[in-house]
Amino acid sequence: MNWQHKIMHLIGQPIGISFINGQGTSGILCNADGEELYIMEYLYQAQFAIKHYEYHTIRDINPFPPCQQPLY
């Protein structure tokens, strides 16, 4: 599925983004306006920032998988 079709279902969820330049980032998808994604990313200590990324720089986005419970 094209990543643009996934984004409205992922607002408010943790996602990973891969960019066309080979880099990536992760955070909470806060909004998508048709041209840019707005992601809340952790900076350090108790600081977070909302960053925006233009659609044409993005290769794919994926939701975080659920946590696996350890087997004891």
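Only this structure's heavy atoms are used, side chains among them; waters, hydrogens and symmetry mates stay out.
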Contacts table for residues 28-35: side-chain donor-acceptor under 3.5 angstrom, sequence neighbours left out:
from: D33; atom 1: OD1; to: E35; atom 2: N; distance (Å): 2.8
from: D33; atom 1: OD1; to: E36; atom 2: N; distance (Å): 2.8
from: D33; atom 1: OD2; to: Y38; atom 2: OH; distance (Å): 3.3

Original post:
Who are the side chain to side chain contact (heavy atoms under 4.5 Å, CB included) partners of Q47, not counting sequence neighbours?
Top reply: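 Q47: side chain to side chain contact (heavy atoms under 4.5 Å, CB included) contacts with L43, Y44.
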**OP:** Just grab all the side chain to side chain donor-acceptor pair (under 3.5 Å) pairs involving residues 7-18, residues at least two apart or on different chains.
**Re:**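 Non-adjacent pairs meeting side chain to side chain donor-acceptor pair (under 3.5 Å): zero.
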Could you tell me whether the side chain of [Y] reaches within less than 4.5 Å of the side chain of [X], counting heavy atoms only?
X: I7; Y: I61; answer: yes
X: I58; Y: I20; answer: no
X: T25; Y: Y53; answer: yes

Between [atom1] of [X] and [atom2] of [Y], what distance do you get to the nearest 0.5 Å?
X: T57; Y: Q23; atom1: OG1; atom2: CD; value: 10.5 Å
X: I15; Y: K6; atom1: CD1; atom2: NZ; value: 9.5 Å
X: E54; Y: F19; atom1: CD; atom2: CZ; value: 11.0 Å

**OP:** Only counting residues at least two apart or in another chain, list the ones meeting ring-ring contact (aromatic ring centres under 6.0 Å, His included) with F64.
**Re:**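 Not a single residue meets the ring-ring contact (aromatic ring centres under 6.0 Å, His included) criterion with F64.
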**OP:** State which residues pass salt bridge (charged side-chain N to carboxylate O under 4.0 Å, His left out) with E41; sequence neighbours excluded, sorted by chain then number.
**Re:**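 K51.
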Original post:
How would you list all residue pairs meeting salt bridge (Lys or Arg N to Asp or Glu O under 4.0 Å) that involve residues 61-72, not counting sequence neighbours?
Top reply: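 Every candidate salt bridge (Lys or Arg N to Asp or Glu O under 4.0 Å) pair involving residues 61-72 fails, so no pair, neighbours aside, qualifies.
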**OP:** Please answer: with hydrophobic residues joined when any side-chain heavy atoms are less than 4.5 Å apart, are I39 and F48 in the same cluster?
**Re:**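 As far as the 4.5 Å side-chain criterion goes, F48 and I39 are not connected within one cluster.
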**OP:** Treating Ile, Leu, Val, Met, Phe, Trp and Tyr as nodes and any side-chain heavy-atom pair under 4.5 angstrom as an edge, say whether W3 and I11 lie in one connected cluster.
**Re:**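 Yes: a chain of side-chain contacts under 4.5 Å links W3 to I11.
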